[in-house]
Amino acid sequence: MEAEAPHLLEKREKKERREGLPELKNAVKGKVVLRFAPNPNGPLSFGHARGIVINGDYAKEWDGELILRFDDTDTVVKPPLPEAYKQIPEEAEWLLGFKPHRIVIASDQIPHYYKHATQMLEEGFGYVCQCSGETFKEFRVSKTECPCRDNTPSLNIELWTKMMNGTFVPGDAVVRVKTAMDLKNPALRDWPALRIQNTAEHPHPRESIGSKYRVWPLLDFQSAVEDKIQGVTHIIRGKDLMDSTRKQVLLYEHFGWTYPETTYWGRVKVHEWGGFSTSQMRRDIEAGLFTGWDDPRLPTLTALRNRGITAKALRDFWVELGVTQKDISVPLSTLFSHNTKSIDDDAPRLSFIRQPESITLDGEHPNQVQVEVHPNHSSRGMRTFDISKKTLWVEREDLLKSEVRLKGFANIHIEGKKAIMGSIDRNDRRPIIHWLPEPSTTNATLLVAEDGEVKHVEGKLETHSYPEGTMVQLERIGYARVIDSTTLIFTHS
RNA sequence: GCUCGUGUGGUGUAGCCAGGUCCAUCAUAGUGGGUUUUCAUCCCGCCGACCCGGGUUCGAAUCCCGGCACGAGCACCA
């Protein structure tokens, strides 16, 4: 059969269900270079995590490299946030489990961009355009060539010098890449590559850059040149940048370069959050709507991490979504489900009593009770409850039932404030409630982010000595992350 | 408006390029049950989808044509 009809065998293989990410096209083991390029105008959001996870996963799979690149070339509209330069690499490492192989900062690379801009002007495939935005828009729409296209290279260099030395101010001139003006897609026609920014009034927040440069590359140009410099082989990014790719391919043709393999993913929303705009979050935080970037209501990586979402859960989540170009909206429950899988096996059990009501034991009983730290791992030891004082805390809601079983202890019959002892053995199907004895409890607060606010749920917490960051399971309530001995933050149920 | 892209169960996703083995995969959600001294974990069952209309073909989720819907780009933002 192999000899007769090899294609039949091939086909059968193709039919097998794929798992994990789709295969990278034209990838060579050990030679793959990918990048993730956020604007450092805030810490990373849930959405950024996709870029890191997918690119990082491919880099790992192909023994390649992942570049973390700061595209910080705008000082006016989306000014960078100085702290982000330190925070983003840390967050990326936490998420990936390894450090990005290279870190590149665009604002350090300006001389390279100038060099390529000059080459473009000298070789005649770029020009300095002095038309207003409005005027050029008309040219673009009507497929009319801008008169500035006819500038000689020497005139272009002269105008370029005026951009650089401050003769021109923002709005006076811009460098454009020549394309056919009758391209079907109007977005691509003679696209702008570099512009002037008023860095005297809006200095770059990095001290070493400040007001050093007046002329700055736009994303399409900066990114294209930088990908070439760094030897990027594969680009995986949002489909909102499809036209950007097309612009960049035109530029690569001018330079005689080959463009990297590019794939796209669609827009993702989370039912509970909507989108994740860093700029919008920044405004809301400044307006006092949130306490900071780690406010548990925010879809930032730092907030999620504080809330107890693990890096593994985020990785599994994004890999499962894959790289389709569909625009999707996912419920948080999907992420939570991944998170439960990643933490449940480790999370020690604790008892937390909301709206605590005290009851007094009535009848014969031992002086202490032992319950497991983790029901599936008896090797983790026992928790000891001292009940010699006879005072117990239970949730107000559980008091509505009169026949209950105290988890790990005994059946009781509730009569007012009295808990009359019943069978120690479990001999019926009565509901089981969690509880705490008076001596070993601490007054504690459970922070719950819900419906756009952070609720402070007060209650009695089982005394523990778990360090900050420990993921615990509050019996019958859900998972939470330890902040300190009297504070927990609710993760999910 | 112009340009580009996408349409598989409630939500995601595999299969589509190279048509049959697809009465369509896996996961999640929902629901029912089992294990369990948690409303947890784990296990089992059920539920439920190829955007619409033509065409090609013995045969279409898959190829072709036409609709429709949704999204993005058309910034001297990233």
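Just so we're on the same page: letters track the sequence lines, and every chain starts at 1. Since the structure is predicted, the reported quantities are computational estimates derived from the model, not experimental observations.
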* Asked: Where along residues 313-331 of chain A does a heavy atom come under 4.0 Å from RNA chain B, residue by residue in number order?
  -> A:Glu320, A:Leu321, A:Thr324, A:Gln325, A:Lys326, A:Asp327, A:Ile328, A:Ser329, A:Val330, A:Pro331
* Asked: Is there a Watson-Crick or G-U wobble partner for B:G71 with both distances under 3.5 Å, and if so, which one is it?
  -> B:C4
* To do: Sticking with atom C1', work out how far B:C16 lies from B:U6, rounded to a whole angstrom.
  => 14 Å
* Hey, is A:Asp190 close enough to A:Arg149 for a salt bridge, meaning N to O under 4.0 Å? -> yes
* Spacing of the C1' atoms in B:C22 and B:G30 (rounded, Å) -> 25 Å
* Strand partner of B:A60, provided both Watson-Crick or wobble distances fall under 3.5 Å -> none
* To do: Output, in order, the C-alpha distance, side-chain angles, deciding distance and verdict of salt bridge (charged side-chain N to carboxylate O under 4.0 Å, His left out) for A:Arg383 and A:Glu462.
  => CA-CA 10 Å; A:Arg383 304 178 267 158; A:Glu462 178 179 342; 2.6 Å; yes
* **Minimum-distance nucleotide to A:Arg426 side chain [options: B:C42, B:U38, B:U37]** => B:U37
* To do: Just call it for A:Gly408: base, sugar-phosphate, or nothing, with non-hydrogen atoms closer than 4.0 Å on any strand.
  => base
* Pick the C1' atom in B:U21 and in B:A61, then give their distance to the nearest Å. => 15 Å
* Taking the six-membered ring for Trp, are A:Phe46 and A:Trp273 parallel (under 30°), tilted (30 to 60°) or perpendicular (over 60°)? -> perpendicular
* Asked: Side-chain donor-acceptor pair under 3.5 Å between A:His48 and A:Glu91, yes or no?
  -> no
* Among the candidates B:U38, B:U28, B:C4, find the nucleotide nearest to the side-chain atoms of A:Gln473. => B:U38
* To do: Could you tell me whether A:Ile433 contacts a base, only the sugar-phosphate backbone, or nothing, with contacts defined as non-hydrogen atoms closer than 4.0 Å?
  => nothing
* Taking NZ, NE, NH1 and NH2 as the nitrogens, is one of them in A:Arg282 or A:Asp284 under 4.0 Å from a carboxylate oxygen of the other? -> no
* To do: Identify whether any heavy atom of A:Leu350 sits under 4.0 Å from a base atom; if not, whether one sits that close to sugar-phosphate; answer base, sugar-phosphate or nothing.
  => nothing
* Just how far, in rounded Å, is C1' of B:C4 from NZ of A:Lys184? -> 9 Å
* Asked: Taking atom types as modelled, is there a side-chain donor on A:Ser223 or A:Arg35 under 3.5 Å from an acceptor on the other?
  -> yes
* Nucleotide by nucleotide, 5' to 3', does protein get under 4.0 Å of the base (B), only the sugar-phosphate (S), or neither (-) in nucleotides 73-78 of chain B, counting heavy atoms? -> SSSBBB
